[in-house]
S.K.: 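Right, I'll just put the structure down here and ask away after.
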Amino acid sequence: MKLFNRLKNSRSAFYPLLLTSVILGCSPADKTPATHSEETEAPDSLAIWPELKIEIQRDEETEARVKQLLATMTLEQKVAQIIQPEIRDITVEDMRKYGFGSYLNGGGGFPNNNKHSSIADWVTLAEQMYQASVDDSLDGSSIPTMWGTDAVHGHNNVIGATIFPHNIGLGAANDPGLIKRIAAATSIEVQATGIDWIFAPTVAAARNDRWGRTYESYSEDPEIIGAYSRAIVEGLQGDKNQGFFADDKVISTVKHFIGDGGTVDGDDQGNNIDSEQELFDIHAQGYVHGLTAGSQSVMASFNSWHGKKIHGSEYLLTKVLKEKMGFDGFVVGDWNGHGQIQGCTNDNCPAAINAGLDIYMVPTQAWKPLYENLIKQVKSGEILQSRLDDAVTRVLRVKARAGILDKPSPANRKYAGKAKLIGAQAHRDIAREAVRKSLVLLKNNNQLLPLAPTQKILVAGDGADNIGKQSGGWSITWQGTGNTNEDFPGGSSIYQGIEAAVSQAGGQVELAVDGKYQEKPDVAIVVFGEEPYAEGNGDVDNVEYQRGSKSDLALLKKLKAQDIPVVSLFISGRPMWVNAEINHSDAFVAVWLPGTEAQGIADVLFTDPQGEVQYDFEGRLSFSWPASPDQQANRHDGQSPLFAYGYGLSYDTAPQNLPLLNEEVEENNNELPVFALYQGSVKAPWELLAITDNSRIQMTSSVLDSAELTIKTRDRRIQEDALQLTWQAPASMMIFKPFPEDFLRYLENDASLFFDVNIQSLGSSVALNMICMDPCDNNLDLTPSLSQLTENEWHTLQVPFSCLKQRGVNFSKLMAPFELSSSTGTQMLVSDIVIARTEDYQSGQIPQICDGE
Ligand code: BGC
Ligand code: BGC
């Protein structure tokens with residue numbers, strides 16, 4: 001579908017729109033409840049925060065050097081130091097002209113937009129950007145730029161790199177020494193591509209597994225996070241014993257400051273309403289330890305604390321982090337995160353630097369107007385010169401400490417271009433060890449495991465031979481989707497690891513994804529789980545696995561019905577409610593997102609040919625495993641999860657059989673709230689847009705005026721609680737959110753879309769449509785129904801979800817649950833756009849629309 005593709009392709013272009021808070025009709029009389037975008041006073045108490053004993057200390061020589069350098073810089077050069085554009089939106093010539101202090105490649109951003117770029121291509125781009133930055137022909141500065149990348153589980157944007165387990169699996173390993181070696185291996189692979197800086201570690205404590213970034217979190221509890229943060233920072237940057245920033249080291253970033261894992265409902269980029277003490281105790285421990293170890297950068301988080309975006313929080317960025325804790329490196333923003341501050345846009349945001357942000361991460365074309373605006377704002381005094389100087393001082397200080405001011409250019413560095421370091425065997429060995437240590441054995445009835453490798457083994461399930469699926473998000477592409485096994489040269493699928501172990505020992509392996517074997521096996525290993533996702537795309541409504549389809553459960557049942565013992569290997573970025581799947585497995589292992597070295601799984605599952613255990617299960621849950629789809633249990637919170645924090649079986653503990661688990665979902669149907677999309681105002685985080693073939697405009701005030709469609713607020717019951725839509729040409733009005741929303745519960749409970757209309761003139765046909773994450777063409781012609789309505793009167797219309805489901809809507813991933821399109825001569829008012837069950841919303845009969853009846 002054309003419109004959908006336009007939306008999808010320009011996804012990042014929607015980010016700017018996220019920013020301006022859209023509250024229509026918030027007149028004083030309007031008692032609309034507070035939304036995320038409203039700011040409330042956050043509590044603050046500096047006494048909670050410690051002064052850190054940071055191990056990279058200030059030295060006078062560096063300070064004097066930075067000061068001297070700063071004194072030579074023009075305003076334009078200074079502003080360029082705090083602008084960080086993305087490689088998809090700048091050229092080498094832009095670098096020559098502006099001399100940006102840094103640049104990044106986002107997830108799935110490659111040199112020349114080529115996913116299969118060689119190591120030489122990466123180094124070439126690094127070298128060209130560096131040379132352009134020191135080339136003083138245009139901007140007059142010769143301060144080297146630096147390149148930042150998301151090497152978050154290995155150098156994961158680079159073909160052939162070692163991909164380590166995602167953080168959730170590493171947390172289960174609970175081994176800081178291992179983490180330090182992983183970080184050291186990662187920094188060498190990054191150095192091999194000429195890159196200086198890594199946006200890791202993520203030190204979030206994910207408190208609600210509905211969050212799409214749960215797998216980027218080591219644990220729900222701060223204990224492991226604190227120890228790991230120190231280990232990874234030392235592994236990336238060096239440490240006080242071995243020295244900092246040797247040739248194989250890179251700059252690290254502890255992120256996302258602060259509270260990202262503690263938002264209400266686990267919403268990505270949402271609102272954290274913890275007390276300040278909780279913020280410190282739970283969410284700050286990664287900073288306490290990582291910054292003490294000397295991490296030179298901190299990334300500000302997309303989330304808010306008590307309704308205020310962190311990017312704009314002077315209290316947290318300046319008072320707490322810099323002044324009280326004593327952090328003297330720089331604060332980098334997240335992907336246009338500054339634009340989400342109230343009153344800001346991506347290209348205009350003095351509030352961020354004024355709050356304490358030092359580098360604007362500004363992908364898309366917004367960097368240019370942002371650069372110009374910042375220059376103007378320093379000139380006008382809206383940004384103090386002293387604040388700009390402090391931000392630039394911090395950038396230069398880090399460059400000096402990390403050797404960037406003195407090192408040879410990227411292509412001439414010790415490890416640059418050494419393609420053999422990418423995916424080096426020594427690194428893969430560490431990753432394989434990490435895989436072994438991360439596996440958590442949840443069930444092992446009748447001691448089915450370990451398996452003798454001399455048997456006949458069936459390997460089934462769609463995760464069996466799928467390196468992309470086992471690697472998850474942030475693997476070559478941002479979402480981790482669209483990859484084949486060939487995109488991971490040198491890596492092994494879970495099946496390949498099993499095949500190697502078993503065939504070596506003289507056993508037999510058959511791969512049949514659908515479980516339809518040629519020869520009846522002695523045992524089946526079934527590999528299944530979540531498809532890859534990243535960030536908000538992974539947010540879910542609850543943690544029930546395969547709600548709706550249960551196709552993997554069917555596969556398990558089929559095998560069990562044939563008396564075949566079943567070992568389930570569950571791939572996931574979070575603990576999930578899999579009681580039925582566990583019941584239909586004799587053994588069940590949480591393998592998390594192991595990455596490219598999946599032979600580590602066979603290492604633990606199989607004995608050697610003589611029947612000796614090679615490696616035992618060492619992984620222990622660093623997250624509580626839920627007892628129901630809606631439970632959000634955390635360590636020490638008094639709830640009873642199915643498996644508690646710290647749980648995990650091993651071969652050397654006393655055998656224990658897991659009894660059958662409850663498979664019934666206790667759905668409390670009375671708790672299906674009326675879901676308002678537009679009621680008096682657009683309900684954040686939804687956005688109201690006007691869409692035409694070549695434009696999309698967000699409604700940010702009481703009038704949206706485009707050539708094709710005008711939208712104005714109108715008074716119905718109270719001030720401005722309706723919208724008047726006037727079409728001059730083909731266009732649509734849409735309620736949209738950049739991350740998909742899961743409406744399956746509403747579908748399962750026979751909900752409908754309700755909206756009120758008041759037709760003023762019907763000049764063209766009118767259609768209703770829903771937009772799903774993957775194309776779902778479902779245009780419903782409303783014209784026959786609308787033409788029967790009396791004009792200039794309000795009517796409530798109802799479109800049952802079951803009808804839209806039949807037309808192809810995928811309710812688990814909706815981007816826009818309401819799109820109304822028409823053309824010349826149509827004018828109508830709409831209000832009260834909601835999703836609800838009939839009994840919760842309407843008494844009395846109202847026309848149900850399906851197929852234009
Ligand atoms: C980028 C990612 C980034 C994301 C944020 C993607 O297009 O590649 O790196 O995190 O957008 O929205
Ligand atoms: C993510 C960050 C990441 C950045 C750059 C953002 O969308 O939140 O974790 O470092 O993109 O890719």
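Atoms within a ligand are numbered from 1 in the order they appear, just like the ligands themselves. Note that this is a predicted model, so its numbers are computed, not measured.
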S.K.: With a 4.0 Å cut-off on heavy atoms, is F302 touching ligand 2?
M.R.: yes
S.K.: Is L104 in contact with ligand 2, taking contact as a heavy-atom separation below 4.0 Å?
M.R.: yes
S.K.: Do any nitrogen or oxygen atoms of W474 lie less than 3.5 angstrom from nitrogen or oxygen atoms of ligand 2?
M.R.: no
S.K.: Going by the order shown, which atoms of ligand 2 are within less than 4.0 Å of some heavy atom of G106?
M.R.: 12 (O)
S.K.: H256 heavy atoms, cut-off 4.0 Å: which ligand 2 atoms fall inside?
M.R.: 2 (C), 8 (O), 9 (O)
S.K.: Is there a salt bridge (charged side-chain N to carboxylate O under 4.0 Å, His left out) between D358 and K322 once you walk through the steps?
M.R.: CA-CA 11 Å; D358 299 307; K322 292 177 173 176; 2.9 Å; yes
S.K.: Looking just at side-chain N and O atoms, do Q269 and Q340 make a donor-acceptor pair shorter than 3.5 Å?
M.R.: yes
S.K.: Examine H166 together with H153 and report whether their ring centres are nearer than 6.0 Å.
M.R.: yes
S.K.: For ligand 2, is there an N or O atom under 3.5 Å from any N or O atom of D334?
M.R.: yes
S.K.: Report, in ascending order of atom number, the atoms of ligand 2 lying under 4.0 Å from any heavy atom of K255.
M.R.: 2 (C), 3 (C), 9 (O), 10 (O)
S.K.: The criterion is side-chain contact (heavy atoms from CB on, under 4.5 Å); which residues satisfy it with S219, sequence neighbours excluded?
M.R.: D221, I224, I225, S622, Y645
S.K.: Please list, in number order, the atoms of ligand 2 under 4.0 Å from a heavy atom of R213.
M.R.: 1 (C), 2 (C), 8 (O), 9 (O)
S.K.: Between R397 and D328, is there a donor-acceptor pair closer than 3.5 Å when you use the side chain of the first and the backbone of the second?
M.R.: yes
S.K.: Has ligand 2 got any nitrogen or oxygen that is less than 3.5 angstrom from a nitrogen or oxygen of W335?
M.R.: no
S.K.: Taking the six-membered ring for Trp, is the centroid-to-centroid distance between F330 and W197 below 6.0 Å?
M.R.: yes
S.K.: Quick one: list whatever passes side-chain hydrogen bond (donor to acceptor under 3.5 Å, both in side chains) with N157, sequence neighbours left out.
M.R.: none
S.K.: Check if E216 has a non-hydrogen atom at a distance under 4.0 Å from any atom of ligand 2.
M.R.: no
